[in-house]
Q: 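Sharing a structure with you now.
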Amino acid sequence: MGAAWLGAWPEEWAWPGEGAWLDTALSSLSVAPEGAGLSGSGRGVGRRGLRGSCSRRGCGTRGDGRLRGVNPWYQVSFGLSASHAVDANPEHPGAVPTPGPALAEGTRGGRWGLDAACGAASLRARSQRVDPAPRTAMEKMARVSTALGGNTLTGRTMFCHLDAPANAISVCRDAAQVVVAGRNIFKIYSIEEEQFVEKLNLRVGRKPSLNFSCADVVWHQMDENLLATAATNGVVVTWNLGKPSRNKQDQLFTEHKRTVNKVCFHPTEVYMLLSGSQDGYMKCFDLRKKDSVSTFSGQSESVRDVQFSIRDYFTFAATFENGNVQLWDIRRPDRYERMFTAHNGPVFCCDWHPEDRGWLATGGRDKMVKVWDMNTTRAKEIYCVQTIASVARVKWRPECKHHIATCSMMVDHNIYVWDVRRPFIPSAMFEEHKDVTTGIVWRHLHDPYFLLSGSKDSTLYQHIFKDASQPIDRANPEGLCYSLYGDLAFAAKESLISSDSNRKPYIGDRRHPIFFKRKLDPTEQFEYISSSSALSVFETDVESGSMDWFVHTAKQYALAGRPLAELCDHNAKVAKGLDRNQVAQTWTMLRIIYSSLGTVSSTNLNHSMGKGSTTLPLMNSFNLKDIPSGLGSESRLDRSKGESRTENILMDSSSTLINNEDNEETEGSDVPADYLLGDVEADEDDLYMMDHENPHAEEQEYSLPQEAFPLRHEIVDNPSALDHLQDKADSPHVSGNEAETVSLTPVESFSLISISHSLYENRLPSDFFNPIVRDTLLFYAEQGDVQTAVSVLIVLGDRIRKEIDEQTQEHWYTSYIDLLQRFQLWNISNEVIKLSTCRAINCLNQASTTLHINCSNCKRPMSNRGWICDRCRQCASMCAVCHHVVKGLFVWCQGCSHGGHLQHIMKWLETSSHCPAGCGHLCEYT
Amino acid sequence: MEEREGELRWDGLCSRDAATRAAALDNVGQAVLRRSRSVAPGRAAGGLPAAAARDGLSEALVRLLMLSKRCPFRDVRERSEAILSSVQELGIRIPRPLGHGPSRFIPEKETVQVGSEDAMMHALFADSFATLGRLDNVTLVMVFHPQYLESFLKTQHYLLQMDGPLPLHYRHYIGIMAAARHQCSYLVNLHVNDFLHVGGDPKWLNGLENAPQKLQNLGELNKMLAHRPWLITKEHIEQLLKTEENSWSLAELIHAVVLLTHYHSLASFTFGCGISPEIDCEGGHTFRPPSVSNYCLCDITNGYHGVDDIHASPAASIPTTESVCEVEALMEKMKQLQECRDEEEASQEEMATRFEREKRESMFVCSSEDEESAPTRDVSRHFEDTSYGYKDFSRHGMHVPTFRAQDYSWEDHGYSLVNRLYPDVGQLLDEKFHIAYNLTYNTMAMHKDVDTSMLRRAIWNYIHCMFGIRYDDYDYGEINQLLDRSFKVYIKTVVCTPEKTTKRMYDSFWRQFEHSEKVHVNLLLVEARMQAELLYALRAITRYMT
């Protein structure tokens with residue numbers, strides 16, 4: 001059941017519990033308020049993109065950024081509407097009707113569902129009712145002040161104004177004092193119960209010195225009198241608070257030539273200080289000596305962070321501007337122990353895990369936080385969190401193995417605490433700062449509830465965990481998704497599902513619930529969000545669930561490149577072939593409405609007038625062809641049958657009359673001759689059908705392409721049930737075309753045949769039937785058959801485009817394209833994009849479509865252009881047959897990787913089974 | 001009419017496939033010859049149509065001339081030359097290029113000749129030709145440094161052609177606006193063509209007031225960025241973003257800002273290296289036979305007096321002992337600075353005053369030869385306020401707070417902002433800045449294995465200093481040691497008032513150095529200027545966003 005669907009969503013299924021559903025939805029939500037929709041950086045977006053690119057790589061292209069950027073919003077809105085529908089229509093399990101006119105792309109049996117990974121508003125409301133339990137538990141925990149070695153931490157969320165923006169902060173070992181450093185500030189505050197109290201200003205002296213302009217500050221964790229700062233001018237300064245004088249400055253190291261970005265004390269060694277500078281050097285100082293003890297060279301790459309390992313006495317990690325992380329042994333200044341590339345672009349920060357000796361977290365400009373396991377010989381990335389802005393600082397949360405706090409360097413002012421196992425949604429968020437946060441530090445080594453932060457907005461904050469906002473609360477804990485085949489998956493909190501299981505809509509013989517549960521991790525003391533959820537899949541029955549018709553139709557439909565009449569006929573035939581009679585009928589009607597027009601209809605008329613005898617049968621032939629097929633076997637949709645019948649009649653009746661010269665001109669090929677041909681064909685066709693034995697006198701004037709005949713034949717030959725014809729005995733009269741223009745009474749039809757065509761022109765504007773066609777399209781779309789709607793839209797082009805508002809069209813296009821891509825019909829989806837008249841859709845193709853090619857000679861990726869390899873200076877893609885460069889379709893054998901022009905290879909392989917390159921491989925072209 | 005259409009099909013020539021090119025050239029050749037015969041003196045048909053035909057023909061001939069000189073593909077060059085000569089045989093006057101090579105400052109023989117470039121250069125030429133349909137003089141001069149050129153072309157291509165928030169004709173128009181601020185007719189001409197080519201409305205070219213209001217709103221930012229970027233505040237940004245209609249989106253604004261800064265600095269390069277007009281642009285060719293006069297009007301207005309023959313290359317002609325010492329002295333100073341840096345540690349105040357002094361002095365560094373070159377008329381229409389030029393920091397008593405590079409740097413802040421709003425461009429610019437800053441061949445004039453990082457940093461920081469950007473960790477005393485007055489004059493002129501650059505300035509600094517090294521200096525100027533402008537604009541945008 002739903003096997004294909006499973007295949008389409010591998011990550012989601014691999015991820016246990018509701019997490020994935022939730023997170024996808026939420027991260028797209030959380031992006032929104034930032035106004036950062038453009039960057040599309042939510043995790044949901046990223047993942048979608050990933051999936052898209054994986055599957056598309058098969059055909060060599062990467063998807064378009066635009067689509068990716070837009071989609072999460074679709075997810076949200078569709079998810080909501082669809083689940084509303086679930087709620088509102090309990091009587092129709094499996095078949096979810098349209099949510100409303102605004103979202104006309106509602107689904108029929110979920111045929112063309114979207115990646116709706118987001119729950120319903122109504123369900124969410126319920127979830128909040130369930131929520132309080134864990135929440136209160138958490139609060140209880142938060143209120144318990146932690147007793148830590150006789151020193152009790154209490155406090156509240158509070159802040160104080162600094163005089164200037166802060167660059168870094170650090171706490172004293174006893175968790176009672178914090179030092180704030182910045183370009184124009186260097187102060188120590190004590191943390192009281194209710195407020196911060198300024199204790200000491202370390203900027204003394206009248207003249208401002210650049211030595212006070214701090215890029216970083218660190219408080220020794222063993223000696224509470226010892227501080228070190230890194231100055232922007234490259235000086236490392238140590239401060240001794242025990243000094244009796246006002247000036248606490250202790251030592252000055254001026255060895256670095258550029259800004260010092262970071263200083264770090266050894267965790268257990270009192271006198272050992274490490275610094276990392278822009279000049280590419282790291283220096284280790286012994287505070288008892290005047291100069292550095294050893295210098296480590298980063299090969300002229302700027303050092304952004306240095307951190308002593310907490311457990312390994314001799315090891316420290318350094319991060320670099322070029323994305324590398326190096327591990328050094330303090331005893332060996334000549335060479336790093338290990339190096340790996342952690343990020344794309346500068347690595348701004350790193351932090352060793354306080355408990356797990358092998359874990360190192362890094363944060364970079366590429367907006368990622370990565371956790372590396374350093375125990376193995378090669379550093380292994382074990383977790384990765386994608387944030388929405390470059391990561392300035394990372395700090396592991398004490399006592400919580402998987403929690404890490406981050407803040408950003410640009411644009412985003414919040415502090416996030418992530419559970420690295422759930423990288424899509426921050427588990428807590430502090431939103432107090434008004435400008436970027438520059439320093440974060442946990443107040444006490446063993447207390448996970450107090451976080452201090454300094455910011456460019458000149459404030460110092462103490463955050464209490466219970467006051468943190470929890471994005472999870474705002475997320476919908478439900479996920480809902482349709483598969484390609486109409487199956488519906490629904491994930492929600494387990495408690496919800498079980499309590500709801502008695503609800504009507506969820507019961508039914510089609511229900512096959514599957515449950516995935518994630519047990520609470522007993523070691524995780526602070527896991528207060530239930531992460532157990534249930535996933536149910538509702539299957540549609542096999543028959544109606546089969547989407548073969550969709551694929552076949554998509555493949556066979558002709559959308560452009562031929563005259564309208566031919567397109568319609570062709571598509572009608574296709575639909576017919578798939579037993580979709582109503583659709584076939586629609587196509588035929590469209591042809592009649594829009595293509596038998598203008599000049600030809602006048603010739604038609606002339607014929608009619610001239611040869612009265614042929615006129616009547618001609619009309620009859622229409623009816624034979626159209627009406628019965630429409631009525632014949634339309635069994636599935638009873639309610640629509642009546643409608644379509646009336647439409648048929650209406651349209652039919654007027655079919656050939658419409659003089660639509662304007663519209664003609666918008667047809668793809670503007671050459672008038674073409675029209676003549678096309679129209680005449682239709683005309684001819686009718687005559688042909690009407691009477692084989694008695695070819696029309698004027699037939700000889702037009703020579704038809706031969707293949708047109710069999711084509712038409714098949715359409716004509718459709719098995720129209722005679723009894724239907726009988727039922728509608730008067731239909732021929734009704735559709736006695738010209739009559740209708742004057743009066744809709746069937747009887748008059750014959751008498752009015754002789755009306756000259758100029759009259760019709762006046763009476764029936766070209767767009768007379770547009771409202772009806774529009775309604776037809778809307779009807780199809782609402783039925784879930786967006787394919788028909790879009791195909792008609794494309795075929796009719798400007799004739800109908802203005803009738804339907806741009807947004808609806810866009811919805812249809814995106815839905816259809818999405819569907820096509822899920823069925824991996826890349827070429828067709830591309831064609832649709834290309835043919836669409838919607839600006840928003842059209843530009844999908846113009847946006848960042850990238851084709852990655854490796855050179856066939858040197859096997860390296862080729863640069864921007866496809867034909868010449870920059871490295872080996874050879875044309876990479878030569879045709880093995882003609883030895884010219886291939887610039888269009890390149891087909892190649894996957895066995896021997898030789899190839900060339902599609903035509904050449906096809907031709908070659910017709911006569912030979914060996915590779916044209918002479919490599920001896922037996923190539924096969926299928 | 002059909003004939004005419006046939007003639008204008010030049011697109012096949014950009015192909016990399018020799019056969020396609022040959023076919024396209026055949027077409028062009030036949031069409032041109034046919035046209036030529038019809039207007040040939042022997043068969044004077046007379047009348048208006050002939051005149052029109054002649055116009056069309058000369059256009060085609062000029063284009064052929066350009067191809068014969070500037071196409072990276074030898075077959076095209078030879079064929080177009082052949083076509084030209086066969087046209088000449090018909091008695092029709094064919095154009096000839098004016099000027100001497102891509103740069104007025106650098107003798108043609110010392111530039112890279114099309115056809116004699118090495119493989120990497122050829123690849124770059126071919127790339128550039130394939131995407132632009134031409135090989136412009138800027139490319140021909142920049143190719144001294146192919147590594148940089150590659151990054152430059154990639155970025156420019158991305159900014160102008162690839163997907164971005166702004167429509168194509170807007171991009172070129174913004175380029176015109178930016179170049180016009182510096183009266184850079186070279187860039188303006190180039191982009192007027194491109195602008196029309198992508199379907200821009202020719203009316204807009206009559207002046208900024210004919211462009212949409214949205215672009216007009218950008219005028220103010222353009223002015224400030226070009227001349228006084230430190231005055232940009234978040235209010236300016238807000239004005240652009242918050243006007244109900246015609247407002248800019250953030251992404252569009254970033255795109256526009258990057259384009260503006262790109263073309264401001266490219267204008268600096270154009271003047272700094274004395275780029276000549278393109279052959280197929282106005283002033284790049286003449287139909288007059290060479291004997292009539294040695295130079296035409298546009299040469300004069302561009303400061304070209306045909307003096308090349310007299311002066312020749314100054315480096316070669318006047319190797320005075322004094323200028324030889326120049327290089328040695330410079331290297332000696334660098335060595336000294338390297339060694340005794342740690343010994344004499346200047347006090348903090350001293351460092352601060354050094355920066356201030358350098359900043360202050362930078363504005364007194366003025367060229368004595370302020371020969372105002374009259375702006376050509378068709379350029380001046382693009383900017384309303386000619387009086388608004390580069391104003392030095394405290395000349396009018398206004399004090400501009402120093403911009404601390406450590407508080408807002410390209411690497412940490414600017415990059416993130418650009419990349420966030422205009423994906424991939426941050427990366428491209430980052431690469432370009434890096435290449436420009438780190439580019440070195442470890443040579444100085446005739447000396448090899450020299451570490452030039454100190455000199456490069458001095459130049460870079462001097463330019464930023466002119467814009468008020470201060471690096472805490474730099475001793476601005478070094479600038480005074482390393483950059484002599486004539487060099488400072490040159491830098492200052494090229495960066496702040498590029499239109500005033502003269503050949504004399506170019507010749508008078510670093511006389512011993514190669515032309516390629518002077519071009520290298522120009523690259524540093526260009527990138528440093530661009531980064532400085534960007535930093536101010538981006539900081540304002542960041543402030544607006546927070």
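Every chain is numbered from 1, with letters handed out A, B, ... down the list of sequences.
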Q: How far apart are the closest heavy atoms of A:Ile388 and B:Arg420, and which atoms are they?
A: O-NH1, 2.8 Å
Q: Given 3.5 Å as the limit, does a donor-acceptor pair link the side chain of B:Asp473 with the main chain of A:Thr259, or not?
A: yes
Q: Between CZ of A:Arg258 and OH of B:Tyr471, what distance do you get to the nearest 0.5 Å?
A: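 Output value for this atom pair is 8.0 Å.
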Q: What verdict does the side chain to side chain contact (heavy atoms under 4.5 Å, CB included) test give for B:Thr542 and A:Val411, after you've listed the backbone C-alpha separation in whole Å, the side-chain angles of each residue and the deciding distance to 0.1 Å?
A: CA-CA 7 Å; B:Thr542 308; A:Val411 189; 5.8 Å; no
Q: For A:Asp216, what residues pass the salt bridge (Lys or Arg N to Asp or Glu O under 4.0 Å) criterion, not counting sequence neighbours?
A: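 With neighbours one apart ignored, the set is A:Arg393.
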Q: What's the spacing between B:Glu411 CD and A:Ser302 OG if we round to 0.5 Å?
A: 7.5 Å
Q: Hey, are A:Arg304 and B:Asp412 close enough for a salt bridge, meaning a charged N less than 4.0 Å from a carboxylate O?
A: yes
Q: Nearest 0.5 Å, what's the CG-CD distance between A:Asp366 and B:Gln427?
A: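 Separation between the atoms: 10.0 Å.
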Q: Heavy-atom distances under 4.5 Å only: say whether A:Thr232 touches chain B with side chain, backbone, both or neither.
A: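 Contact with chain B involves both backbone and side-chain atoms of A:Thr232.
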Q: Going by the rule ring-ring contact (aromatic ring centres under 6.0 Å, His included), which residues pair with A:Phe348 if we only count those two or more places apart in sequence or in a different chain?
A: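 Here no residue qualifies.
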Q: Please classify the contact of B:Tyr158 with chain A as side chain, backbone, both or neither, using a heavy-atom distance under 4.5 Å.
A: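 Contact with chain A involves no heavy atom of B:Tyr158 at all.
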Q: Could you tell me whether B:Phe433 atom CZ has more than 12 heavy atoms of other residues or ligands within 6.0 Å of it?
A: yes
Q: When rounded to the nearest 0.5 angstrom, what distance separates CD in A:Gln278 from CG in B:Asp472?
A: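 Here the rounded value is 11.5 Å.
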Q: Are the charged groups of B:Asp407 and A:Lys456 less than 4.0 angstrom apart, N to O?
A: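 Result for this pair is no, no salt bridge flagged.
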Q: Quick one: pull up CG in A:Asn233 and CD in B:Gln406 and give me the separation to the nearest 0.5 Å.
A: 8.5 Å
Q: Looking at B:His413, is its backbone amide N or carbonyl O close enough to the side chain of A:Arg365 to form a donor-acceptor pair, meaning the two atoms are under 3.5 Å apart?
A: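 Not at all, since once roles are kept as given, no pair shorter than 3.5 Å links the two residues.
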